[in-house]
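Below: the structure, in C-alpha cells.
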Amino acid sequence: MANPFTLGVASGEPLPDGVVIWTRLAPAPLTLDPARPGGLPNRAVEVRWQVAEDERFTRIVREGVTQAQPRWAFSVHVRLDGLRPGADYFYRFRSGSDHSPVGRTRTAPAAASAGPVRFAVANCQRYEHGFYTAYRHLAAERPDVIFFVGDYVYESPQAANPVRTLPNTSEADTLAEYRLRYTRYKLDKDLQAAHAAAPWVATWDDHEVADNYTGASSFFRRRARAYQAYYEHLPIRVKPEAHLLQMFRRRVYGQNAEFIVLDSRQFRVPGDMLGAAQEKWLLERLRTSTARWKVLVEPLFFARRFVPGNPPHLRLDAWDGFQEQRRRIFDAGARGLIVLSGDVHNHWASDLHADFLDPRSAIVGAEFVTSSISSRPPATDAPAVLAANPHIKFFDGRRGYLAGTAGATDFRVSYRVVDSVEKAGANVRIVAEFVTEGEGIKRSDV
C-alpha cells in the first residue's frame with residue numbers, strides 16, 4: 001500500500017486531562033470510486049498510535065491500536081485521557097510500515113490555573129480563491145488552541161477565475177462528493193501544518209452543507225451526508241447520528257476563559273438562530289460561569305452593522321436578523337463578555353453596547369471578527385460603514401487570522417494579514433492590536 005497518511009494528522013477538543021487525535025488513511029486520496037474512499041478496499045485497517053512527552057518519542061505516555069473503518073472513510077478518532085493539564089504532547093500513527101507525520105497538541109490548563117491562554121481564530125478557506133499561506137504563519141506561533149469558526153469547505157461549484165482548481169468542479173451533494181471536497185482541502189500542506197501545530201476547536205457555518213441553509217426538515221438527508229463527511233475529517237469527540245451532530249459545547253481554560261462554542265445552523269428556524277435547548281444552555285453558562293472571560297466562539301457577525309446605500313441595510317442572516325435573541329444574551333449580564341466570529345471575509349473590531357442605537361449606553365462586551373484565510377471579500381464601503389456604526393472601531397480588508405491572549409486582567413487580540421493569497425509564500429504582519437479590560441476596546445501600539 002502507498003503511504004496512507006496523505007491527509008496529515010490533527011488534534012482537537014482539549015480538556016485538562018485529554019484530547020482527541022485524528023488521521024484518515026487515504027493512499028489514493030482523490031480516487032473517484034465512492035466504494036473505495038481514499039483508494040482502500042472495503043475492510044478495516046489496523047492503525048497503531050503513540051503519544052509522548054517529547055518530539056523524539058523517548059518518553060511515551062500512551063499507545064494503542066485501533067481500527068480504521070470503511071464506514072467512516074478510514075478516519076481515526078482516538079480519545080485520550082489521563083494526561084497532565086496545561087502540557088504539550090506529541091503524537092503519531094502507524095499503519096503497516098508507514099508512519100504519519102508527528103503532531104503537537106496541548107491539554108487545557110487545570111481549573112485552578114491563572115495563567116494566560118494563547119489562542120488563534122480562523123475561518124473561511126475557499127480552496128479555489130487562494131493559497132493557505134496564513135496557516136503556515138499561524139502554525140509557527142504554536143498557540144495553546146486554535147478556534148475555527150466556519151466554512152471549512154465550500155460545497156458550491158468551482159468559483160470563477162480560480163487561483164487553484166478543484167478535482168470536481170460541480171456542487172457537492174453526495175457523501176462521496178463531500179468527502180472529495182474535504183480531501184482536496186486537506187491535501188494542502190499549510191492547512192496540515194496548522195492542524196499539526198496545536199489542537200483545534202471547530203464550529204461550522206453554512207458552506208459545510210449548503211449556502212445559507214437552515215434546520216428545515218426537508219433538508220435532513222443532505223445534511224446527514226454533509227455531517228458525516230465533517231466528522232470524518234475533523235478531530236471532534238462525537239459522531240453524527242443521522243442528520244444530527246452535537247456541536248454546541250464549552251471548553252474551560254482555567255480561571256481566565258470559558259470558551260462557549262455555538263452552532264448557528266443546525267437548529268435555526270425563522271426568528272431563532274440557536275433553538276430553545278441551545279439558548280437555554282448558553283444563558284445558563286453566561287449566568288453561572290466564574291471565568292474572567294466568557295467567550296462566545298461562533299461564525300456570524302454579532303454587533304449591529306448598518307450598511308449605508310441600497311437596502312437591505314442590515315444583514316438578516318447574521319445576528320442583526322435575530323435581535324431579540326441577541327438582546328437576551330446581553331440581558332444575561334455576563335461580566336467579561338467576548339465574541340469571536342468571522343464569516344464576512346474582513347477584519348472588524350467592535351464594542352458591544354446594551355443599545356446599539358444609543359452610543360452612550362453601557363458597553364457590555366467586545367467582538368473581534370477575523371478575516372478569511374483565503375475566501376474573497378465582498379465589496380465593502382468601509383468608511384461609510386464605520387461612520388454609520390460608531391461602536392465599530394476597526395476594519396481591514398485583507399486575508400488573515402486573529403491571535404490573542406486571555407489574561408487575568410485583560411483580553412488582547414492582534415490582527416494578522418498576508419499581502420496576497422494568489423501566490424504562495426506571502427509574508428504576514430500585524431496591522432492592529434486591541435485590548436479590553438471589560439469596559440470597551442482600546443487600540444494598542446503594534
Side-chain angles (χ1 to χ4, degrees), residues 7 10-13 20 22-26 29 34-35 37-38 68-79 122-127 147-156 168 170-186 191 195 200-251 261-269 272-278 281 297-300 317 342-343:
L7 305 183
S11 71
E13 306 296 340
V20 174
W22 171 96
T23 193
R24 181 190 156 205
L25 307 184
Q69 299 287 347
R71 165 74 174 82
W72 300 104
F74 302 97
S75 61
V76 172
H77 297 73
V78 178
R79 299 202 296 182
N123 80 148
C124 296
Q125 52 188 32
R126 188 160 184 169
Y127 183 84
F147 295 103
F148 188 87
V149 292
D151 294 342
Y152 193 95
V153 297
Y154 283 70
E155 89 301 345
S156 46
N168 180 0
S170 62
E171 181 168 336
D173 179 86
T174 68
L175 177 58
E177 289 167 343
Y178 280 118
R179 283 171 169 169
L180 188 63
R181 194 61 55 92
Y182 278 96
T183 300
R184 176 68 274 176
Y185 280 49
K186 293 189 77 72
L191 177 57
H195 272 298
W200 284 43
V201 176
T203 191
W204 50 31
D205 193 10
D206 54 342
H207 286 290
E208 289 89 349
V209 180
D211 189 23
N212 290 331
Y213 88 95
T214 65
S217 59
S218 61
F219 207 62
F220 282 172
R221 279 187 284 186
R222 180 176 181 179
R223 205 173 79 172
R225 299 190 290 268
Y227 286 7
Q228 175 166 341
Y230 185 90
Y231 168 78
E232 291 170 349
H233 292 88
L234 283 161
I236 57 180
R237 286 186 174 272
V238 295
K239 291 181 179 179
E241 297 182 5
H243 60 271
L244 298 173
L245 178 55
Q246 177 64 43
M247 289 294 288
F248 65 87
R249 64 229 191 259
R250 64 191 181 111
R251 293 291 172 257
V261 184
L262 301 183
D263 176 352
S264 68
R265 290 291 170 184
Q266 187 170 189
F267 309 108
R268 180 188 293 208
V269 295
D272 184 351
M273 182 183 287
L274 304 177
Q278 183 177 195
W281 168 83
V297 178
E298 57 90 29
L300 300 172
D317 185 58
D343 181 53

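Small disclaimer: the values here were computed from a predicted structure and weren't measured.
- The shortest distance between side-chain heavy atoms of R265 and D205 falls below 4.5 Å.
- Here side chain to side chain donor-acceptor pair (under 3.5 Å) pairs that include residues 239-249, with residues two or more places apart or in two chains, are E13-R249.
- Under the rule for a salt bridge (Lys or Arg N to Asp or Glu O under 4.0 Å), the partners of R222 that lie at least two apart in sequence or sit in another chain are E171, D173.
- Residues K186 and H195 have side chains in contact (heavy-atom distance under 4.5 Å, counting atoms from C-beta outward).
- For the salt bridge (charged side-chain N to carboxylate O under 4.0 Å, His left out) with E232, the lone residue among R225, R179, R24 that qualifies is R179.
- Contact annotation: the side chain of D343 approaches that of D151 to within less than 4.5 Å [non-hydrogen atoms, C-beta and beyond].
- The CG atom of N123 lies 11.0 Å from the OG1 atom of T203; values are rounded to the nearest 0.5 Å.
- Using the six-membered ring where Trp is involved, H77 and W22 have ring planes that are perpendicular, over 60° apart on the 30 and 60° scheme.
- With sequence neighbours excluded, the residues that form a ring-ring contact (aromatic ring centres under 6.0 Å, His included) with F148 are Y152, W200.
- Using the six-membered ring where Trp is involved, F219 and Y213 have ring planes that are parallel, under 30° apart on the 30 and 60° scheme.
- Using a 4.5 Å heavy-atom threshold, the side chains of Q266 and L244 count as touching.
- The CG atom of L234 sits 10.0 Å away from atom CH2 of W204, with the distance rounded to the nearest 0.5 Å.
- Considering only heavy atoms from C-beta on, M273 stays 4.5 Å or farther from L262 through its side chain.
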